[in-house]
Amino acid sequence: MNDDHVGKLRALAGLATPMALRVAVTLGLPDRLRGTPATAEQLATEQRLSPIALDLLLAHLTALDVLERTGSGYRTTEFGAALCTDADNGLANFLHFNLAGGRADLAFTELLHSVTTGEAAYTRKHGQDFWADLAEQPRLRESFDRQMTHRFREQVPRIVAGYDWGRFDHLVDVGGGVGTLLAAILTAHPGLRGHLVDLEPTAAVADRIFREQGLGDRAVASAGSFFDPLPPGAQAYLLCDILHDWDDEHAHRILARCVAAVPADGRILVIEPVGGRKANTEFELAMLVIFGGRERTLDEFRALGSAHGLALDAVTDLTEQRCLLEFRVN
Ligand SMILES: C[S@@+](CC[C@H](N)C(=O)[O-])C[C@H]1O[C@@H](n2cnc3c(N)ncnc32)[C@H](O)[C@@H]1O
């Protein structure tokens with residue numbers, strides 16, 4: 001038996017550290033202990049926690065160098081400060097149990113269910129699917145929209161620059177979120193008009209962002225579902241990080257709505273990681289457990305499109321993570 005292997009696998013598989021970090025963020029400990037130290041007893045009184053159990057958590061966070069001990073209690077280290085809510089790195093959103101990212105990751109405790117059935121684990125874990133949960137809890141929806149905006153901060157300029165959006169005069173962004181990408185595309189191409197479709201309240205946020213950015217005369221946001229008819233007649237329909245959220249049955253239904261709306265010389269544009277090309281294995285598992293979706297390979301995209309008479313014309317590498325697939329209506 002190789003002890004190194006055992007130790008490495010034990011460390012990879014252990015749940016104590018990931019859960020300790022997430023509980024720390026959910027309790028707001030890195031924020032509370034930044035600058036002003038506190039003992040376990042003080043914190044336990046403030047937050048009505050068990051002092052003995054909390055001290056065990058704080059000790060482990062100290063072993064991880066997230067906290068340090070001072071003469072007057074525990075304090076957040078410089079390393080641990082990256083977990084603070086104002087660190088502007090997306091981490092707190094991603095780890096907090098009551099925000100969309102952290103809650104979604106808890107579905108990994110039901111990974112066995114997903115691997116057994118091919119279905120999302122999220123529903124089994126939380127009693128309803130991800131989108132229903134967001135619709136019911138505004139705090140989850142807001143945090144998800146924030147997470148989506150944050151993940152694209154560096155990618156948007158490259159997506160805008162990496163494709164000839166100016167060849168169209170009207171683009172529909174299907175499931176366009178709060179409109180960050182569409183706004184950037186329209187700003188770069190003054191001759192282009194845009195129409196974003198997403199669920200409420202996200203569509204309303206997009207509408208406000210368009211007006212704030214002076215795009216109110218060229219950009220519309222409609223509240224609606226991409227399982228219902230889409231605004232017809234645009235030259236291009238964009239699906240950015242949409243299809244990987246869905247199993248094949250739903251992906252077909254979304255594509256069918258795009259095909260019903262697009263004119264014969266129009267294009268359907270898919271931006272997402274492509275399996276075997278840009279996808280990352282951990283992220284792929286996340287798509288499975290949260291949505292029952294996956295990063296499809298090019299062959300899978302071709303098959304998906306051809307069922308709707310779509311031909312995959314071009315594949316453009318936009319960023320390290322995402323490709324743009326351009327489908328033509330046959
Ligand atoms: C992963 S996000 C991508 C958002 C945006 N395209 C982007 O890349 O930033 C998926 C989006 O699909 C939207 N969505 C989910 N179900 C929808 C539905 N039935 N109809 C319209 N939009 C939906 C969500 O609200 C969310 O904004």
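With hydrogens and angles ignored, the 3.5 Å screen pairs a side-chain donor or acceptor of Thr45 with a backbone N or O of Glu41. The closest donor-acceptor contact from the side chain of Ser225 to the backbone of Phe227 lies under 3.5 Å. Of the possible donor and acceptor atoms, one in the side chain of Ser114 sits under 3.5 Å from a partner among the backbone N and O of Ala121. In this structure, Trp165 contributes its side chain and Ala188 its backbone to no donor-acceptor pair below 3.5 Å. A donor-acceptor contact shorter than 3.5 Å is absent between the side chain of Thr76 and the backbone of Ala81. When atom types are taken as modelled, the side chain of Asn89 and the backbone of Ala82 share a donor-acceptor pair closer than 3.5 angstrom. Without hydrogens or angle criteria, Glu46 side chain to Leu43 main chain gives no donor-acceptor distance under 3.5 Å. A distance-only check finds a donor-acceptor pair linking the side chain of Arg218 to the backbone of Leu192 [under 3.5 Å]. In this structure, Thr36 contributes its side chain and Leu33 its backbone to no donor-acceptor pair below 3.5 Å.
Between His126 and Leu106, the shortest heavy-atom distance links the atoms NE2-CB, 4.2 Å. Pro273 and Phe283 get closest at one heavy-atom pair: CG-CE2, 4.3 Å.
Side-chain contact of Gln128 with Tyr122: a donor-acceptor pair under 3.5 Å is absent, judged by distance alone. No side-chain N or O of Thr77 forms a donor-acceptor pair with one of Asp65 less than 3.5 Å apart. A donor and an acceptor atom, one from each side chain of Thr123 and Asp129, are nowhere located under 3.5 Å apart. For the residue pair Gln155/Thr319, the side-chain donor-acceptor check at 3.5 Å is satisfied. Using modelled atom types, one finds no donor on one side chain facing an acceptor on the other under 3.5 Å when comparing Thr62 with Arg69.
For the pair Arg124 and Glu110, the salt-bridge criterion is met [side-chain N within less than 4.0 Å of a carboxylate O]. Using a 4.0 Å cut-off between charged nitrogen and carboxylate oxygen, Arg277 and Glu320 do not count as a salt-bridge pair. Of the charged side-chain nitrogens involved, none lies within less than 4.0 Å of a carboxylate oxygen, so that Asp247 and Arg294 do not count as a salt-bridged pair.
Taking CZ of Arg153 as the start and OG1 of Thr180 as the end, the distance is 11.5 Å to the nearest 0.5 Å. Distance check, rounded to the nearest 0.5 Å: CD1 of Ile268 to CD1 of Ile254 gives 11.5 Å. Rounding to the nearest 0.5 Å gives a distance of 9.5 Å between CD1 of Ile271 and CG of Leu239. To the nearest 0.5 angstrom, Leu67 atom CG is 13.0 Å from Arg34 atom CZ. Taken to the nearest 0.5 Å, the CG atom of Leu99 stands 10.0 Å off from the CD atom of Glu142. Interatomic distance, Leu288 CG to Glu119 CD, rounded to the nearest 0.5 Å: 10.0 Å.
Taking the six-membered ring for Trp, His308 and Phe327 have ring centres at least 6.0 Å apart.
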Exercise. When you look at Asp3 and Lys8, which way does the salt bridge (charged side-chain N to carboxylate O under 4.0 Å, His left out) test go after all the steps?
Worked result: CA-CA 8 Å; Asp3 284 346; Lys8 193 172 170 197; over 6 Å; no
Exercise. Are His189 and Phe168 close enough, and set up right, to give a ring pair (Phe, Tyr, Trp, His ring centres under 6.0 Å), and what steps lead you there?
Worked result: CA-CA 9 Å; His189 297 280; Phe168 305 119; 9.6 Å; no
For this session: Verify side chain to side chain contact (heavy atoms under 4.5 Å, CB included) between Leu49 and Leu27, making sure each step is shown before the conclusion.
Result: CA-CA 10 Å; Leu49 305 169; Leu27 293 174; 4.0 Å; yes
Problem set entry | CA sep, side-chain torsions, deciding dist, call: Val274, Arg296, side chain to side chain contact (heavy atoms under 4.5 Å, CB included) | CA-CA 6 Å; Val274 170; Arg296 294 178 174 83; over 6 Å; no
Exercise. Are Leu238 and Leu269 close enough, and set up right, to give a side chain to side chain contact (heavy atoms under 4.5 Å, CB included), and what steps lead you there?
Worked result: CA-CA 5 Å; Leu238 171 63; Leu269 309 173; 4.0 Å; yes
For this session: Would you please test Arg267 and Glu326 for salt bridge (charged side-chain N to carboxylate O under 4.0 Å, His left out) and show each step?
Result: CA-CA 7 Å; Arg267 294 285 184 275; Glu326 182 178 325; 2.9 Å; yes
Problem set entry | Intermediate values then yes/no, side chain to side chain contact (heavy atoms under 4.5 Å, CB included), Phe301 and Glu272 | CA-CA 11 Å; Phe301 273 116; Glu272 35 183 76; 3.3 Å; yes
Problem set entry | Trace of the salt bridge (charged side-chain N to carboxylate O under 4.0 Å, His left out) decision for Arg208 with Glu212 | CA-CA 6 Å; Arg208 197 191 68 227; Glu212 282 170 1; 3.2 Å; yes
Problem set entry | From CA spacing to verdict: salt bridge (charged side-chain N to carboxylate O under 4.0 Å, His left out), Asp217, Arg193 | CA-CA 8 Å; Asp217 55 340; Arg193 285 177 302 125; over 6 Å; no
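Considering Thr117, Leu111, Thr109, Val115 as possible partners of His113, the one that fulfils the side-chain contact (heavy atoms from CB on, under 4.5 Å) test is Thr117.
Here side chain to side chain donor-acceptor pair (under 3.5 Å) pairs that include residues 226-244, with residues two or more places apart or in two chains, are Arg151-Asp241, Asp241-Arg322, His244-Glu295.
Using a 4.5 Å heavy-atom threshold, the side chains of Thr149 and Arg146 count as separate. Between Cys323 and Thr316, every side-chain heavy-atom pair lies at or beyond the 4.5 Å cut-off. Looking at Gln42 and Tyr74, their side chains never come closer than 4.5 Å, going by heavy atoms from C-beta outward.
Within a 6.0 Å radius of CG in Leu12, more than 12 heavy atoms belonging to other residues, nucleotides or ligands are found. Around the CD atom of Glu154, the shell of radius 6.0 Å holds no more than 12 heavy atoms that belong to other residues, nucleotides or ligands.
The cationic group of Arg257 does not satisfy the cation-pi geometry with Phe226, failing either the under 6.0 Å distance to the six-membered ring centre or the 45° limit from the ring axis.
Under the 4.5 Å side-chain contact rule for hydrophobic residues, Trp246 and Leu199 do not share a cluster. Transitive grouping of hydrophobic side chains (ILVMFWY, heavy atoms separated by less than 4.5 Å) brings Val259 and Val197 into a common cluster. Under the 4.5 Å side-chain heavy-atom criterion for Ile, Leu, Val, Met, Phe, Trp and Tyr, Leu58 and Leu95 are members of the same hydrophobic cluster.
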